[in-house]
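In what follows, a single structure is set out as structure tokens and then discussed.
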Amino acid sequence: MNEPTVPDPAWWQEDPDRWELLAFDGRYDADGLPYDAGWKDREEVLDLLLADPGPCSADFARFLLRQEILGHGHARGYSDRIGMAALLVAEQRRIEDVRLLWDAKSRSFDTFCGLPDAFLVVNGVERTLEHIRGSDDSGRDWCLEFLGGMAQVTDEAVAEKLVRIREYYGELRKLRSDEPA
């Protein structure tokens, strides 16, 4: 099993000034292809956060998701990192985070297909719809239309989905840690 090359989650969470070490760093390789130079450390931190049963700072989770949104806008495609960050935010169950989660989901075609819809309705479909109806966000109508199709989703189904997603990332972490260094 590979040892982490980044400090443990508590170290990151105790001082927000350290978070910049995990910030999106958009660059281009020799062939002109975009990439995020900060992805590797961020992925390790996300792995550690998901492996730790303790609470994750809501602000830190949102910071990590914002970095992934930037990275996915720069390089396109889909990486499980954005899913891991979105899960950490969704698990906070803060209704005001639905906008950030929607930004992540609607960042690109790939993130729209890759991120689970359940992340958007962790506070219940109707409560989430009410919250969005009361907002004046530019993407409000599109989000309302999308969520309107989820009217039959139960809170129990969403809770079960979050458990399965966390288990998936745990299995993914094990697979990555078994790879040769």
Side-chain angles (χ1 to χ4, degrees), residues 22-47 49-50 60-129 131-133 135-154 157-173 175-176:
L22 300 172
F24 162 72
D25 184 4
R27 297 184 187 188
Y28 294 88
D29 67 15
D31 296 323
L33 298 173
Y35 72 98
D36 175 5
W39 76 269
K40 185 68 174 145
D41 286 347
R42 216 169 34 253
E43 181 177 87
E44 278 195 64
V45 170
L46 287 163
D47 273 343
L49 284 165
L50 287 169
F60 188 45
R62 285 193 296 276
F63 170 81
L64 292 169
L65 182 55
R66 284 187 197 102
Q67 303 318 299
E68 288 303 323
I69 291 169
L70 291 170
H72 281 73
H74 177 69
R76 304 285 180 212
Y78 180 84
S79 161
D80 279 318
R81 290 185 316 275
I82 196 167
M84 292 188 289
L87 174 63
L88 291 170
V89 170
E91 287 179 334
Q92 303 287 330
R93 288 184 165 71
R94 295 167 49 109
I95 192 70
E96 61 272 19
D97 287 338
V98 70
R99 181 64 196 160
L100 180 61
L101 290 161
W102 178 251
D103 286 347
K105 182 154 181 77
S106 61
R107 186 62 169 164
S108 71
F109 175 80
D110 297 307
T111 58
F112 195 83
C113 294
L115 287 173
D117 302 345
F119 290 164
L120 299 171
V121 292
V122 293
N123 291 290
V125 175
E126 193 52 44
R127 183 168 180 232
T128 303
L129 285 167
H131 176 76
I132 294 171
R133 282 184 197 114
S135 75
D136 58 359
D137 286 325
S138 61
R140 181 184 86 146
D141 293 339
W142 186 33
C143 187
L144 284 171
E145 181 180 336
F146 179 78
L147 291 177
M150 296 181 68
Q152 303 304 314
V153 176
T154 66
V158 170
E160 288 173 19
K161 180 78 170 180
L162 292 182
V163 168
R164 287 194 310 274
I165 293 168
R166 187 172 262 280
E167 289 170 352
Y168 164 78
Y169 288 128
E171 289 298 316
L172 189 63
R173 181 175 193 260
L175 289 171
R176 274 199 301 265

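None of the values given here were measured: they were computed from a predicted structure.
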Item to check | For the student: nearest non-hydrogen atoms of Ala37 and Arg27, plus distance | outcome: CB-NE, 3.6 Å
Next on the checklist: Any side-chain to backbone donor/acceptor pair from Asp29 onto Asp31? Under 3.5 Å, distance only.
Outcome noted: yes
Item to check | Verdict with reasoning, Phe24 to His72, per ring-ring contact (aromatic ring centres under 6.0 Å, His included) | outcome: CA-CA 10 Å; Phe24 162 72; His72 281 73; 9.9 Å; no
Next on the checklist: As an exercise, state the distance from NZ of Lys40 to CD of Glu44, rounded to the nearest 0.5 Å.
Outcome noted: 5.5 Å
Checklist entry - Do other residues, nucleotides or ligands put more than 12 heavy atoms under 6.0 Å from Phe109 CZ? => result no
Checklist outcome for this item: With sequence neighbours left out, the residues meeting side-chain hydrogen bond (donor to acceptor under 3.5 Å, both in side chains) with Glu43 are none
Checklist entry - Applying the side-chain contact (heavy atoms from CB on, under 4.5 Å) test to Phe60, which of Leu88, Val89, Leu22 qualifies? => result Leu22
Checklist entry - Between OG of Ser79 and CG of Leu46, what distance do you get to the nearest 0.5 Å? => result 9.0 Å
Checklist outcome for this item: Shortest non-hydrogen pair, Ala23 vs Gln67, comes out as CA-OE1, 3.4 Å
Next on the checklist: Please enumerate all residues that pass side-chain hydrogen bond (donor to acceptor under 3.5 Å, both in side chains) together with Asp36, with sequence neighbours excluded.
Outcome noted: Arg42
Next on the checklist: Once rounded to the nearest 0.5 Å, what's the spacing between atom CG of Leu49 and atom CG of Leu64?
Outcome noted: 6.5 Å
Next on the checklist: Is the ring pair Trp102/Phe146 parallel, tilted or perpendicular, if the boundaries are 30 and 60 degrees?
Outcome noted: tilted
Checklist entry - Nearest 0.5 Å, what's the NE2-CG distance between His74 and Asp25? => result 8.5 Å
Item to check | Exercise: identify the closest heavy-atom pair between Met150 and Val125 | outcome: O-CG2, 3.4 Å
Next on the checklist: Looking at Asp110 and Arg76, is there a salt bridge between them, counting it only when a charged N and a carboxylate O are closer than 4.0 Å?
Outcome noted: no
Checklist entry - If you round to the nearest 0.5 Å, how far is CG of Leu100 from CZ of Arg62? => result 8.0 Å
Checklist entry - Hey, is the main chain of Arg133 close enough, under 3.5 Å, to the side chain of Arg140 for a donor-acceptor pair? => result yes
Item to check | Inter-residue atom distance Leu162.CG - Glu167.CD, 0.5 Å rounding | outcome: 11.0 Å
Checklist entry - For Tyr78 and Cys113, what are the C-alpha separation, side-chain angles and deciding distance, and is it a side chain to side chain contact (heavy atoms under 4.5 Å, CB included)? => result CA-CA 9 Å; Tyr78 180 84; Cys113 294; over 6 Å; no
Checklist entry - Could you go step by step and tell me if Asp103 and Arg66 meet the salt bridge (charged side-chain N to carboxylate O under 4.0 Å, His left out) rule? => result CA-CA 9 Å; Asp103 286 347; Arg66 284 187 197 102; over 6 Å; no
Checklist outcome for this item: On a heavy-atom basis, the closest approach of Leu115 and Ala86 is CD2-CB, 4.0 Å
